[in-house]
Amino acid sequence: MHITVGIVGGGPAGLLLARLLRRAGVDCVVLESRDRAYAEQRQRAGILEQSTVDALRSCGAGERLDREGLVHDGIELRFDRRSHRIDFPSLTGGRRVWVYAQTEVVKDLIALQLEDGAPLFFEAEVRAVEGADTDRPTIRYLHRGREQALTCDYVVGCDGFHGVARSAFPDGVQRVYERTYPYSWLGILADVAPSCDELIYAHSPRGFALHSMRSPFVSRLYLQVPNGAEPADWPDERIWDELDARFAVDGDWRLARGPVTAKSVLPMRSHVLEPMRHGRVFLAGDAAHIVPPTGAKGLNLAAADVIVLARAFARLHESGSADLLDAYSDTCLRRVWRAEHFSYFMTTTLHADPEQSPFDSRLQLSQLDRIATSPHAAAELAENYAGLPLG
Ligand code: DHB
């Protein structure tokens, strides 16, 4: 079997790329190692930037998002027992974000793809991507007990941090930039109406807490926990008590409690591979870069990669010019490094490093106070949070 673009990975990046390529008239196949139920249930982030929403709408995947997604025009920062709101539209020329879970995006994209899209194979376990330096890179995979080979003009690895596509790059052609953090997140879903209209990012001497949501009836909350923490260390009561302590403000705000329906620990790391292309193999999303979750850039960065890539394939298809494909890695990495910096900034400004000195804590509070009192400092946060225009 031969195809123009072979996509390894049927997460949001691979599926969005397939939709965008279909619109551009470029044929492709998507190979996903997990089954459909797994892909549709995995809990991930829930904030979509304007440009991600625009791309989903442009390929027909905006209908349920426009019906059920929650538009947010700002966030609240809490520190020093005070609240401060950052308004996005007034600081960014009208940009805003949507609360709509990644799992819902994936469900919508899978449904469209199976309805009228290019082939999407579940439980297709990619073993190797070979021939990045040749004109015919090949994806070797196992499907229904049979070894298969898909030869492609181009291969795109959207198979995440632990995927196989990145191993298609020969030794020595890539540089890795990394940072780890001395804390993790414990995330819960709870069947209770959110206690706020907008997300709350809280700095406290006890550590970071985030109040997010999935719908008017479901809250999503995160707590900074030590590395190595297990969900079993955190009975529900302990979680709610700790959230109460970290969100505490002067005034009469209260956190509503409800049944906890999911609980998991998320690692925090920053990771960038450069370049994002070798020969005819391209990497997109988590296969190429990871950000810590604070600020919700991961999914949006993955979407930005495949939007750039789809435009490049469309140009090749229409005019025969590979100029945008050749520029892919440099174009994406500029945005990637901006998001890496923003995510690092949000993480290190809001979390309590177990090693941090009282001096470090005062610097964090000073920076937060600056954001709360200077429209310039607030605009810098708002522009990065709501997402820089894709051009
Ligand atoms: C969510 C996750 C984030 O990392 C964040 O910064 C905001 C919201 C979420 O899952 O809702």
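Counting starts at 1 for both ligands and their atoms, in listed order. A quick note: this is a predicted structure, and the numbers were derived from the prediction, not measured.
Relative to the six-membered ring of Tyr38, Arg34 meets both conditions, a distance below 6.0 Å and an angle of at most 45° to the axis. Cation-pi geometry between Arg166 and Phe169 is not met: the NZ or CZ atom fails to fall both under 6.0 Å from the ring centre and inside 45° of the normal. Tyr154 carries Arg280 over the face of its six-membered ring, with the cationic atom under 6.0 Å from the centre and within 45° of the normal.
Less than 4.0 angstrom separates some heavy atom of Leu199 from each of these atoms of ligand 1: 7 (C), 8 (C). Atoms of ligand 1 lying under 4.0 Å from any heavy atom of Gly46, numbered from 1 in the order shown and given with element: 9 (C), 10 (O), 11 (O). Close contacts between ligand 1 and Gly295 involve ligand atoms 6 (O) [criterion: under 4.0 Å to a heavy atom]. Residue-ligand proximity, Ile47 to ligand 1, at heavy-atom distances under 4.0 Å covers atoms 7 (C), 8 (C). With ligand atoms numbered from 1 in the order given, ligand 1 contributes 10 (O) to contacts under 4.0 Å with heavy atoms of Ala45.
Within the set Tyr201, Trp185, Tyr222, the minimum heavy-atom distance to atom 7 (C) of ligand 1 is found for Tyr201.
Side-chain polar atoms of Glu76 and Ser83 form a donor-acceptor pair below 3.5 angstrom.
At a heavy-atom distance under 4.0 Å, no atom of Tyr100 approaches ligand 1. At a heavy-atom distance under 4.0 Å, atoms from both the backbone and the side chain of Pro293 approach ligand 1.
Note on Asp27 versus Arg22: no salt bridge recorded, every NZ/NE/NH1/NH2 to OD/OE distance being 4.0 Å or above. A salt bridge between Glu178 and Arg269 is absent, with no side-chain N of the basic residue lying under 4.0 Å from a carboxylate O of the acidic one. Asp87 and Arg96 are not joined by a salt bridge, as no carboxylate oxygen comes within less than 4.0 angstrom of a charged side-chain nitrogen.
Arg214 counts as a contact of ligand 1, since one of its heavy atoms falls under 4.0 Å from the ligand.
Ligand 1 has an N or O atom lying under 3.5 Å from an N or O atom of Ala296, backbone or side chain.
The shortest contact between atom 11 (O) of ligand 1 and any protein heavy atom is with Ser212 OG, 2.5 Å.
Heavy atoms of other residues, nucleotides or ligands lying less than 6.0 angstrom from CZ of Phe121 number more than 12.
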